[in-house]
Amino acid sequence: MDVEEQVILSLEAALNVRLDRSRFGLQAALLGAVPEFDSMAVVALLTNLEERFGFTVDDDEVDGSTFATVGSLASFVRAKLAA
């Protein structure tokens with residue numbers, strides 16, 4: 001399974017919803033576009049990503065741009081995996 005699919009699975013787990021894969025490609029907006037994606041969902045998502053991929057995210061590593069789109073989130077995960 002590729003990183004993008006794993007990120008979408010993590011989003012689904014954090015938001016407790018099933019996302020329409022036809023609408024959730026790399027360019028799909030997250031912050032401000034998905035009503036369920038609030039600050040608590042961000043924390044749940046980061047926890048899920050840490051567990052799923054086996055890395056740790058420090059507070060100073062993330063900002064709003066990390067969560068702008070599925071693609072930006074996947075890029076963040078790839079960078080963490082490469083580090």
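For this chain, numbers begin at 1 and follow the sequence in order.
When every heavy atom of Ser10 is checked against every heavy atom of Leu49, the shortest pair comes out as OG-CD2, 3.5 Å. Looking at every heavy atom in both residues, Leu15 comes nearest to Ala41 through CD2-CB, 3.6 Å. Taking every heavy atom of both residues into account, Thr66 and Ser72 meet most closely at O-OG, 3.0 Å.
Interatomic distance, CG of Asn16 versus CG of Leu11, reported as 12.5 Å (0.5 Å rounding). Expressed to the nearest 0.5 Å, how far CG of Leu46 lies from CZ of Phe76 amounts to 6.5 Å. Atom CZ of Phe37 sits about 5.5 Å away from atom CG of Leu30, to the nearest 0.5 Å. The line from CG of Leu45 to CD of Glu12 is 11.5 Å long, rounded to the nearest 0.5 Å.
With hydrogens and angles ignored, the 3.5 Å screen pairs a side-chain donor or acceptor of Glu50 with a backbone N or O of Val57. Proximity of a side-chain donor or acceptor of Asp58 to a complementary backbone N or O of Asp60 within less than 3.5 Å is not detected. Under the 3.5 Å distance criterion, the side-chain polar atoms of Thr69 are left unmatched by any main-chain donor or acceptor of Ala28.
Atom CG of Asp63 has more than 12 neighbouring heavy atoms from other residues, nucleotides or ligands inside a 6.0 Å radius. More than 12 non-hydrogen atoms from other residues, nucleotides or ligands lie less than 6.0 angstrom from CZ of Arg21.
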query = Is there a side chain to side chain contact (heavy atoms under 4.5 Å, CB included) between Gln6 and Val77 once you walk through the steps?
reply = CA-CA 10 Å; Gln6 292 287 333; Val77 169; over 6 Å; no

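In this structure Glu61 satisfies the side chain to side chain donor-acceptor pair (under 3.5 Å) test together with Lys80, sequence neighbours excluded.
Connection of Val43 to Phe53 is not established within any shared hydrophobic cluster, with ILVMFWY side chains joined at heavy-atom distances below 4.5 Å, either directly or through further cluster members.
Within the 4.5 Å cutoff, no side-chain heavy atoms of Val34 are placed close to those of Val17.
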